[in-house]
Amino acid sequence: MSSDFYQETAARVAKALQYCDDTKAVVIGENTISETGAFFKDLFGDSKAVVVADATTFELAGKGVVDALASAGVVVEEPFVFDEPNMHAEMRLVDALKPRLAATDAIAVAVGSGTINDLCKYSSSLVQRPYMVVGTAASMDGYTSFGASIEYNECKQTFSCPAPKGALLDMKIVCKAPVKMNASGYADLIAKIPAGADWILADLLGTEPIDKIAWDLVQDSLRDWVANPDGIATGDPKAITFLTEGLIMSGLAMQKAKTSRTASGAEHQFSHLWDNQHHTYMGAAPSHGFKVGVGTVSTSALYERILATWSEKTFDDAIAAIPKNFRSWDTIEKELTANFGSSGLYETVKRECQKKYVEPDELKRRLELFRDAWRDLKSKLEAQLMPAAEIQSLIRRSTAPSTPEEIGIERTRLQKSYQLAQQLRYRYNVLDWTRDVGLWEESVDALFQPGGFWA
């Protein structure tokens with residue numbers, strides 16, 4: 001079937017691919033599983049293939065991929081099928097897959113979504129071999145991103161490794177994925193709205209200048225990609241195709257910019273925090289997208305509070321208060337010890353906070369920069385952001401969680417999570433901005449007081 005929206009998607013993806021070093025081809029359409037063999041041969045020539053899947057995705061699409069490869073004359077080795085329930089990407093599963101790949105020269109064909117893709121991505125890199133992925137759900141933006149998110153030493157970590165050489169998604173399969181999986185992808189995609197605002201802040205400071213091409217790959221069509229959350233809930237092919245495109249484009253933008261800044265800001269730090277706290281709800285860990293969705297509402301609410309209450313005078317007052325309010329490294333280190341001292345995260349978080357720590361003179365420079373740019377900065381942020389209640393409504397309509405309780409996070413824990421997420425990573429964002437200005441209680445804690453967003 002050749003619908004106009006498939007052609008629109010193909011044109012935008014083809015444009016993005018010219019900027020990517022790793023991924024050379026992407027196919028998004030209906031009945032594309034049958035094209036897997038030709039797709040594989042175009043990428044890898046006469047190489048052998050080994051399909052990697054879990055029990056569910058092998059039945060759903062893996063068998064069809066094996067048949068399509070064989071029909072095209074590709075030598076297909078015995079598939080590697082993980083057979084355990086509720087699996088997630090962790091190093092012990094890499095340790096299971098890597099020897100199988102090392103014992104052959106076959107190219108891995110990952111059939112699945114986030115977990116299978118990350119396991120294949122990292123394992124293939126360890127044996128210095130490319131791979132391709134056949135996606136089965138529009139559940140996250142990691143299909144075409146560099147790096148794999150793997151749990152190691154009880155912490156979720158991102159390991160540097162190449163993106164797939166090719167990605168193929170059959171929309172008949174993706175549209176039939178469990179609604180919650182595609183809703184998870186929707187929440188991960190709409191997160192690019194506040195993540196873009198965070199990048200604007202970092203660009204102004206000069207810590208991470210905006211890559212205009214990568215920015216445009218994500219932001220130019222973002223409002224269109226997230227415009228139909230009801231279609232995600234009902235399995236509408238056009239809505240889910242645009243969602244899939246947005247997630248693929250986010251990964252390609254990360255390849256172009258050589259950073260995940262294009263797709264990730266403070267909202268993702270909430271998710272990473274809860275990952276590393278091993279948070280579960282009703283016996284299982286909420287999906288990445290579900291945690292990111294709650295983080296997205298959280299950071300959007302903070303931005304809304306800031307834009308409604310700050311002015312040039314805010315920065316003048318903050319500059320004048322530096323001698324009294326400056327947070328020394330000793331003060332921060334004591335907080336880190338209290339917050340993370342009993343966890344395996346402590347040394348990692350300490351390193352990240354040391355990187356982001358600045359002395360009073362640099363803090364003064366930053367505050368003066370924000371003050372002098374305030375009118376233009378406020379205008380840019382207002383144009384980039386959506387009201388928190390609107391973001392929350394869109395996420396809810398997709399069937400993804402939009403409140404912390406829906407993923408098992410109490411309001412008091414969410415309030416504390418703002419502080420812990422701020423300390424988690426060196427990546428300037430709205431949480432760091434609030435700390436720099438010295439208005440944490442007035443801006444973050446106020447969200448939980450009567451009249452505040454989370455009250």
Side-chain angles (χ1 to χ4, degrees), residues 5-29 32 35 39-40 42-44 107 110 114 117-118 120-122 124-125 128-135 138 140-149 158-169 185 188-203 206-226 241-265 268 380 384 427:
F5 57 83
Y6 288 131
Q7 295 172 12
E8 294 169 15
T9 289
R12 285 188 289 262
V13 170
K15 179 181 177 182
L17 285 171
Q18 67 181 305
Y19 303 113
C20 298
D21 294 331
D22 297 335
T23 304
K24 302 304 180 185
V26 174
V27 170
I28 300 172
T32 57
E35 301 173 23
F39 187 74
F40 181 93
D42 284 345
L43 291 172
F44 306 111
I107 300 295
N117 187 52
D118 277 344
C120 270
K121 188 185 297 185
Y122 189 48
S124 293
S125 75
Q128 300 182 317
R129 198 173 305 152
Y131 84 107
M132 65 166 278
V133 60
V134 176
M140 47 81 225
D141 63 7
Y143 281 123
T144 53
S145 68
F146 69 91
S149 184
T158 299
F159 291 87
S160 181
C161 50
K165 193 169 183 179
L168 182 148
L169 294 100
D188 198 18
L189 185 58
I190 204 169
K192 288 28 171 174
I193 292 175
D198 284 345
W199 202 1
I200 290 170
L201 295 180
D203 179 70
T207 59
E208 288 182 279
I210 286 175
D211 180 316
K212 183 63 166 58
I213 292 173
W215 171 276
D216 290 347
L217 291 179
V218 174
Q219 298 293 337
D220 276 1
S221 299
L222 181 54
R223 294 303 201 276
D224 293 332
W225 293 331
V226 300
T241 297
F242 280 3
L243 168 63
T244 302
E245 176 193 333
L247 295 169
I248 292 292
M249 292 283 277
S250 293
L252 298 178
M254 288 186 240
Q255 286 190 51
K256 164 62 181 74
K258 303 295 190 294
T259 172
S260 60
R261 170 59 93 169
T262 62
S264 171
H268 271 69
K380 287 181 179 178
Q384 172 65 23
R427 168 164 283 176

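What you see below is based on every heavy atom in this structure, not just the backbone, and it leaves out hydrogens, waters and symmetry mates. Remember, it's a predicted structure, so these values are computed and weren't measured experimentally.
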Notebook entry, point to check: Between the main-chain N or O of Glu208 and the side-chain N or O of Trp199, is there a donor-acceptor pair closer than 3.5 Å?
Noted result: yes
Notebook entry, point to check: If you round to the nearest 0.5 Å, how far is CE of Met249 from NZ of Lys15?
Noted result: 8.0 Å
Note to self: With salt bridge (charged side-chain N to carboxylate O under 4.0 Å, His left out) as the test, pick out the partner of Asp21 among Lys256, Lys258, Lys165.
What the structure shows: Lys258
Checklist line | Shortest non-hydrogen separation from Ala214 to Asp211 and the atoms involved | finding: N-OD1, 3.0 Å
Margin query: Just verifying a value: how many Å separate Arg427 CZ and Thr207 OG1, rounded to the nearest 0.5 Å?
Written below: 9.5 Å
Note to self: Test your reading of the model: is there a side-chain donor-acceptor pair from Asp188 to the backbone of Met140, 3.5 Å cut-off?
What the structure shows: no
Next item on the list: Measure from the side-chain N and O atoms of Thr9 to the backbone N and O of Tyr6, and report whether any donor-acceptor pair falls under 3.5 Å.
Entry: no
Notebook entry, point to check: How many angstroms lie between CG in Leu17 and NZ in Lys24, if you round to the nearest 0.5 Å?
Noted result: 9.0 Å
Checklist line | Any donor-acceptor N/O pair, Gln255 side chain to Thr144 backbone, under 3.5 Å | finding: yes
Next item on the list: With rounding to the nearest 0.5 Å, note down the distance linking OG in Ser145 to NZ in Lys121.
Entry: 3.5 Å
Note to self: What's the separation between atom CG in Leu243 and atom CD1 in Ile248, rounded to the nearest 0.5 Å?
What the structure shows: 10.0 Å
Notebook entry, point to check: Is the CD atom of Gln18 crowded by more than 12 outside heavy atoms at less than 6.0 Å?
Noted result: yes
Item checked: Side-chain donor or acceptor of Thr32 paired with backbone N/O of Leu169 under 3.5 Å -> yes
Note to self: Tell me whether Glu245 contacts the main-chain N or O of Trp225 through its side chain, where contact means a donor paired with an acceptor under 3.5 Å.
What the structure shows: no
Checklist line | Ser124 side chain vs Cys120 backbone, donor-acceptor pair below 3.5 Å | finding: yes
Notebook entry, point to check: Should Phe5 and Ile28 count as side-chain neighbours, where that means a heavy-atom distance under 4.5 Å?
Noted result: no
Item checked: OG1-OH distance between Thr158 and Tyr122, expressed to the nearest 0.5 angstrom -> 11.5 Å
Check: Are Asp141 and Lys192 ion-paired here, with the side-chain N under 4.0 Å from a carboxylate O?
Finding: yes
